[in-house]
Asks: 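Encoded as structure tokens, here's the structure I'll be asking about.
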Amino acid sequence: MSLGRSAARGGMVVLGGQGVRIVVQVASVAVLSRLLSPRDYGLVAMVLAVIAVAEIFRDLGLSTAAVQAKVLTREQQTNLWWLNTALGAGLALVAVAAAPLVAALYDEPALTTLTVAMSGMFVLNGMGAQYRADLTRRMLFTRLAAATTLAPLVALGIAAYAAAHGAGYWALVVQQLVQGVVALVAIGLFAGWLPGRPRRGVEMGEFLRFGWSLAGTQLINYAASNIDSLLIGTRLGAHQLGSYNRAWQLLMNPLVQLRGPTTTVALPVLSRIRDNPALTQRFVQRGQVALGYSLGAGLGLLAGAAAPVCALFLGPGWDVAGVFALLACAGLFQTLAYVGYWVYLAHGLTTELRHYTLVASALKVVCVLVGVRYGITGVAFGYATAHLLEWPLSLWWISRRTQLRVGPLYLGAARILLVAGAVAAAAYATAQALHGQHPGVTVPVCVVAGAAAYALLLLVPPIRHDVMSLVVTVRGAIGPRLPGRVVSRG
């Protein structure tokens, strides 16, 4: 099977699994939002905004280093497993020691025990990091999708039971820990190996250099991405943070879950064709088309129909439609730039990625600092504005260090914005016309209106060409298997 066909089929498998995970994620929001209060969510979000930064140091970029390496021996893989596990255990101890400081930062005594309890996530994620990397490297996407689908499903069931029986915010803690345990067991079984003893004399320098450089970039990006939660928590309190967090969880978490697997599929492919500029250009442009005409159009729909969507999935008492719509815009601009991230990783340009991330993060922090004066809607507006300014800059930046031509990507992004804008306008007009109707009626009608606007734009030849290219890619992924050589582990 050709590498491109393997990637397309792998993408369909992973996206299928992510589709199930997104259903579970949305169900989690819909169910638990009716059982828990904004304050419950706010308290847990406060802990995550502070201690989850340590997740970057727990992985230290070693998972990505393992995936993109041209050669990975079993001894190197074992050493990487022990490194991730040791880092996870060490950071768990740091989190326990820092728990009183987290409580003092927000002036919330309950955060001490919450932080201690959630420190177990570091150990679980550390032990599972190299199993995930191994399944990705071997392109065993079906096994990876099965493991990452089972874990949140089991965790939701247990969390809903706990919340219904009065556990409060502890139901959310249980959800996180159960998901980590189930995921670790599943991916370990599917990977089919156990780590041996760590070995001395094994060459690890290349992995550590790559991982450390990438970790620096991830740390900067994480700090900038979570400045909104930190500012809301410290300035506006747990209730406002909980409201903002629900809009974020309903929109951005499913979006990350959809976009993330595209990197899982794209990285091993681009790593193999990185010495062929023409193939790289073609792959990246097709990736932009696939993301933009699917996720981009969907985000336009959600932005336009924000009010009925929030009413349907969150229920009464959650006035976050404006925040939700602005986050949908931010997600659209993020998606336009996402293909550049693949290129950075596949070419090992972690230093250049870190330099760009510093600039983009500074822009994001400034926008959010200005926005927080106007409450959570102002924060969301600042976040969206930062990504609007950032996406064209990101593509230009990567073109300075690779042979990637950004002109076609800019033109492709313009067409995607046209489609997303038309879908959003149609959905918004429909939502306004049906104001006062039950959201269970309004949302499906908005979907139909958005789809009609999408279909109308197919009359534009360049857009029709883009969509037909996407259809061909999907058909290639789901079509019958062809005999041939399967790509080796390498």
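Quick note: numbers below take in every heavy atom, side chains included, and nothing from hydrogens, waters or symmetry partners.
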Asks: What pairs of donor and acceptor atoms, side-chain ones from residues 301-319 against any protein atom, are under 3.5 angstrom apart with sequence neighbours left out?
Replies:
none

Asks: For Ala449 and Thr430, work out which heavy atoms get closest and say how close.
Replies: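 Where Ala449 meets Thr430 most closely, the heavy atoms are CB-OG1, 3.1 Å.
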
Asks: So, does Gln281 use its side chain to make a donor-acceptor pair with the main chain of Arg405 at under 3.5 Å?
Replies: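 Pair found, side chain donor or acceptor close to backbone of Arg405.
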
Asks: Sequence neighbours excluded and cut-off under 3.5 Å, please list the side-chain donor-acceptor pairs for residues 289-300, or say none.
Replies:
{"unit_1": "Tyr293", "atom_1": "OH", "unit_2": "Asp466", "atom_2": "OD2", "d": "2.6"}
{"unit_1": "Ser294", "atom_1": "OG", "unit_2": "Ala290", "atom_2": "O", "d": "2.3"}
{"unit_1": "Ser294", "atom_1": "OG", "unit_2": "Leu291", "atom_2": "O", "d": "3.4"}

Asks: With no hydrogens and no angle check, do the side chains of Tyr341 and Gln334 hold a donor and an acceptor under 3.5 Å apart?
Replies: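 No, no side-chain donor-acceptor pair sits under 3.5 Å.
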
Asks: For Arg39, look at atom CZ and say whether over 12 heavy atoms of other residues, nucleotides or ligands are found less than 6.0 Å away.
Replies: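 No, because the 6.0 Å sphere around CZ of Arg39 holds 12 heavy atoms or fewer from other groups.
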
Asks: Quick one: pull up CE in Met46 and CG in Leu43 and give me the separation to the nearest 0.5 Å.
Replies: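 Interatomic distance, Met46 CE to Leu43 CG, rounded to 0.5 Å: 6.0 Å.
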
Asks: What residues form a ring pair (Phe, Tyr, Trp, His ring centres under 6.0 Å) with Tyr356, not counting sequence neighbours?
Replies: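 Tyr356 satisfies ring pair (Phe, Tyr, Trp, His ring centres under 6.0 Å) with Trp397 once adjacent residues are dropped.
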
Asks: What I'd like to find out is whether the side chain of Leu230 reaches to under 4.5 Å of the side chain of Tyr106, using heavy atoms alone.
Replies: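 SC-SC contact between Leu230 and Tyr106 confirmed.
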
Asks: Output all residues satisfying side-chain hydrogen bond (donor to acceptor under 3.5 Å, both in side chains) with Thr335, sequence neighbours left out; order by chain, then residue number.
Replies: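 Result, side-chain hydrogen bond (donor to acceptor under 3.5 Å, both in side chains) vs Thr335: Arg259.
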
Asks: Would you say CZ of Arg464 has more than 12 non-hydrogen atoms from neighbouring residues, nucleotides or ligands within 6.0 angstrom?
Replies: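 Counting other residues, nucleotides and ligands, CZ of Arg464 exceeds 12 neighbours.
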
Asks: What pairs of donor and acceptor atoms, side-chain ones from residues 237-247 against any protein atom, are under 3.5 angstrom apart with sequence neighbours left out?
Replies:
{"unit_1": "Ser243", "atom_1": "OG", "unit_2": "His239", "atom_2": "O", "d": "3.3"}
{"unit_1": "Tyr244", "atom_1": "OH", "unit_2": "Asp228", "atom_2": "OD2", "d": "2.7"}

Asks: Out of curiosity, Gln288 CD to Leu409 CG, how far, rounded to the nearest 0.5 Å?
Replies: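 Interatomic distance, Gln288 CD to Leu409 CG, rounded to 0.5 Å: 5.0 Å.
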
Asks: Which atom names give the shortest non-hydrogen contact between Asn125 and Arg132, and what distance separates them?
Replies: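 Heavy atoms of Asn125 and Arg132 come nearest at O-NH1, 4.5 Å.
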
Asks: Could you pull out all residues at least two apart from Tyr410 that satisfy side chain to side chain contact (heavy atoms under 4.5 Å, CB included)?
Replies: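 Once residues adjacent in sequence are excluded, the partners of Tyr410 under the side chain to side chain contact (heavy atoms under 4.5 Å, CB included) criterion are Trp391, Pro392, Leu395, Trp396, Val406.
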
Asks: Of all the heavy-atom pairs spanning Gly331 and Leu255, show the shortest one and how long it is.
Replies: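 So the minimum-distance heavy-atom pair works out to CA-CD2, 3.6 Å.
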
Asks: Which residue pairs satisfy the salt bridge (charged side-chain N to carboxylate O under 4.0 Å, His left out) criterion with at least one member in residues 330-353, sequence neighbours excluded?
Replies: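 Only Glu352-Arg401 qualify under salt bridge (charged side-chain N to carboxylate O under 4.0 Å, His left out).
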
Asks: With side chains defined as the heavy atoms from C-beta onward, is the minimum distance between Leu417 and Leu332 less than 4.5 Å?
Replies: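 Yes, at least one pair of side-chain atoms sits under 4.5 Å.
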
Asks: Which heavy-atom pair separates Ala95 from Thr115 by the least distance, and what is that distance?
Replies: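 Closest pair (atom of Ala95, atom of Thr115, distance): O-CG2, 3.6 Å.
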
Asks: Determine whether Leu434 and Val445 make a side-chain contact, defined as any pair of heavy atoms from C-beta on separated by less than 4.5 Å.
Replies: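 When only atoms from C-beta onward are counted, Val445 and Leu434 do touch, with a gap below 4.5 Å.
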
Asks: After noting the C-alpha distance and the side-chain angles of His355 and Val359, does the key distance pass the side-chain contact (heavy atoms from CB on, under 4.5 Å) rule?
Replies: CA-CA 7 Å; His355 293 164; Val359 174; over 6 Å; no

Asks: Quick one: CD1 on Ile187 to CD on Gln130, what's the gap to the nearest 0.5 Å?
Replies: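 Between Ile187 CD1 and Gln130 CD, I get 10.0 Å after rounding to 0.5 Å.
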
Asks: State which residues pass side chain to side chain contact (heavy atoms under 4.5 Å, CB included) with Pro444; sequence neighbours excluded, sorted by chain then number.
Replies: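 Partners of Pro444 by the side chain to side chain contact (heavy atoms under 4.5 Å, CB included) criterion come out as none, since no residue qualifies.
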
Asks: Could you go step by step and tell me if Arg415 and Leu457 meet the side-chain contact (heavy atoms from CB on, under 4.5 Å) rule?
Replies: CA-CA 10 Å; Arg415 295 193 294 271; Leu457 283 175; over 6 Å; no

Asks: Does any part of the side chain of Tyr383, heavy atoms only, come nearer than 4.5 Å to the side chain of Leu327, both counted from C-beta?
Replies: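 Yes; the side chains approach each other to less than 4.5 Å.
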
Asks: Donor-acceptor pairs are to be reported for all side-chain atoms of residues 169-184 against protein atoms at under 3.5 Å, with residues two or more places apart or in another chain.
Replies:
{"unit_1": "Gln175", "atom_1": "NE2", "unit_2": "Ser28", "atom_2": "OG", "d": "3.1"}

Asks: Output all residues satisfying ring pair (Phe, Tyr, Trp, His ring centres under 6.0 Å) with Tyr374, sequence neighbours left out; order by chain, then residue number.
Replies: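 Residues passing ring pair (Phe, Tyr, Trp, His ring centres under 6.0 Å) with Tyr374: none at all.
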
Asks: Say you draw a straight line from CG of Leu236 to CD1 of Ile376; how long is it, rounded to the nearest 0.5 Å?
Replies: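 Those atoms lie 8.0 Å apart.
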
Asks: Using 0.5 Å steps for rounding, measure from the OH atom of Tyr344 to the CG atom of Leu404.
Replies: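 Tyr344 OH to Leu404 CG: 10.0 Å, rounded to 0.5 Å.
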
Asks: If you apply the rule side-chain contact (heavy atoms from CB on, under 4.5 Å), what do you find for Ile398 with Leu349, and how did you get there?
Replies: CA-CA 9 Å; Ile398 187 64; Leu349 299 173; 4.1 Å; yes

Asks: Output the distance between atom CG (Leu458) and atom CE (Met468), rounded to the nearest 0.5 Å.
Replies: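 Separation between the atoms: 9.5 Å.
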
Asks: Does Thr385 have any side chain to side chain contact (heavy atoms under 4.5 Å, CB included) partners at least two apart in sequence or in another chain, and if so, which?
Replies: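 Thr385: side chain to side chain contact (heavy atoms under 4.5 Å, CB included) contacts with Cys367, Phe381, Leu389.
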
Asks: Measure from the side-chain N and O atoms of Gln249 to the backbone N and O of Val29, and report whether any donor-acceptor pair falls under 3.5 Å.
Replies: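 Pair absent, no side-chain N/O of Gln249 close to backbone of Val29.
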
Asks: Sequence neighbours excluded, which residues qualify as side-chain hydrogen bond (donor to acceptor under 3.5 Å, both in side chains) partners of Trp342?
Replies: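 Counting only residues at least two positions away or on another chain, Trp342 forms a side-chain hydrogen bond (donor to acceptor under 3.5 Å, both in side chains) with Thr263.
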
Asks: Minimum heavy-atom separation for Tyr131 to Ala191, with atom names?
Replies: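 Minimum heavy-atom separation between Tyr131 and Ala191: CD2-CB, 3.6 Å.
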
Asks: More than 12 foreign heavy atoms under 6.0 Å from OH of Tyr428: is that the case here?
Replies: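 Count not over threshold, so no.
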
Asks: Please name the pair of heavy atoms, one in Leu369 and one in Val372, separated by the smallest distance, quoted to 0.1 Å.
Replies: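 Between these two residues, the closest heavy atoms are O-CG1, 3.3 Å.
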
